[in-house]
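What follows is a single structure, written as structure tokens, with notes after it.
For the single chain, residues carry numbers from 1 onward in sequence order.
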Amino acid sequence: MALKYSNKINKIRTFALSLIFVGFAIMYIGLLFKDIVWLMIIAMILGMLSILFSTVVYFWIGMLSTKAVPIECPSCGKQTKMLGRVDACMHCDQPLTMDPELEGEEFDESYNSKKRKTEE
């Protein structure tokens, strides 16, 4: 079975969406402790902070998405956005690169790290 790659933008959006659901779950758990007011307040504050943090993450990925390079996927032919030296298609998860040095190389997300660039 081959490794499943996914687009960086989609990973971050999924993380932000999960923060929203976690925040709501924490607040619902807080409702179970109506009798212990301080515990309910702490749960509500933690849930609200989780939702606020997801808003910050969504804003950040939106700004990052505007800087991403739009390309056409050679596999599915759809428009996708690419961050870094290697990424995956947003639609079909095809590994992509625009770096001619990496053509034909095994797909590895560590090609995007600055530490790896200095080692080469």
Side-chain angles (χ1 to χ4, degrees):
M1 184 173 143
L3 284 171
K4 176 105 165 105
Y5 304 108
S6 65
N7 186 271
K8 288 183 217 98
I9 293 174
N10 286 346
K11 283 181 187 177
I12 298 170
R13 285 179 182 159
T14 301
F15 172 71
L17 182 63
S18 65
L19 279 175
I20 291 174
F21 287 122
V22 166
F24 279 126
I26 291 171
M27 289 194 291
Y28 275 119
I29 290 171
L31 288 176
L32 297 175
F33 298 105
K34 286 184 204 173
D35 299 333
I36 310 170
V37 176
W38 63 270
L39 191 58
M40 182 184 77
I41 291 173
I42 289 174
M44 292 295 172
I45 290 172
L46 287 176
M48 191 60 123
L49 287 175
S50 175
I51 292 172
L52 287 174
F53 183 63
S54 78
T55 304
V56 170
V57 172
Y58 269 123
F59 179 77
W60 172 68
I61 194 58
M63 292 292 106
L64 197 60
S65 180
T66 61
K67 296 177 184 174
V69 179
I71 60 171
E72 186 175 317
C73 176
S75 181
C76 67
K78 294 180 181 175
Q79 194 79 2
T80 188
K81 291 185 176 182
M82 188 168 156
L83 288 174
R85 293 174 74 190
V86 294
D87 204 353
C89 176
M90 289 178 154
H91 308 285
C92 66
D93 294 329
Q94 170 74 30
L96 301 171
T97 184
M98 291 192 317
D99 192 346
E101 297 174 6
L102 300 177
E103 286 292 326
E105 296 282 329
E106 184 67 29
F107 185 80
D108 188 5
E109 290 182 353
S110 68
Y111 287 130
N112 291 325
S113 73
K114 293 182 184 196
K115 182 187 281 187
R116 178 147 182 159
K117 285 182 186 177
T118 57
E119 290 175 1
E120 293 177 348

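Hydrophobic clustering (side-chain heavy atoms under 4.5 Å, transitive across Ile, Leu, Val, Met, Phe, Trp, Tyr) groups Leu39 together with Ile26.
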(request) Verify side-chain contact (heavy atoms from CB on, under 4.5 Å) between Cys89 and Ser75, making sure each step is shown before the conclusion. (result) CA-CA 9 Å; Cys89 176; Ser75 181; over 6 Å; no

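When all heavy atoms of Ser54 and Ile20 are compared, the closest pair comes out as OG-CG1, 3.1 Å. Taking both residues in full, the closest heavy atoms of Gln79 and His91 are given as O-NE2, 3.0 Å, listed atom of the first, atom of the second, then distance. In plain terms, the two heavy atoms of Gly23 and Ile51 that are nearest each other are CA-CG1, 4.2 Å.
Distance check: Leu32 CG to Met40 CE gives 11.5 Å after rounding to the nearest 0.5 Å. Once rounded to the nearest 0.5 Å, the distance linking CE of Met48 with CZ of Phe24 reads 8.5 Å. Annotation: the span from Ile29 atom CD1 to Met44 atom CE amounts to 10.5 Å, rounded to 0.5 Å. Annotation: the span from Met82 atom CE to Cys73 atom SG amounts to 11.0 Å, rounded to 0.5 Å.
Between Ser65 and Lys81 there is a side-chain heavy-atom pair separated by less than 4.5 Å. Side chains of Tyr28 and Leu31 form a contact here, defined as non-hydrogen atoms less than 4.5 Å apart. Between Lys8 and Leu64, every side-chain heavy-atom pair lies at or beyond the 4.5 Å cut-off.
Within a 6.0 Å radius of CZ in Phe53, other residues, nucleotides and ligands contribute 12 heavy atoms or fewer.
Between the side chain of Thr14 and the main chain of Asn10, a donor-acceptor pair closer than 3.5 Å is present. Of the possible donor and acceptor atoms, one in the side chain of Ser50 sits under 3.5 Å from a partner among the backbone N and O of Leu19.
Of the listed residues (Asn7, Ile61, Leu17, Leu83), just one forms a side-chain contact (heavy atoms from CB on, under 4.5 Å) with Ile12, and that residue is Ile61.
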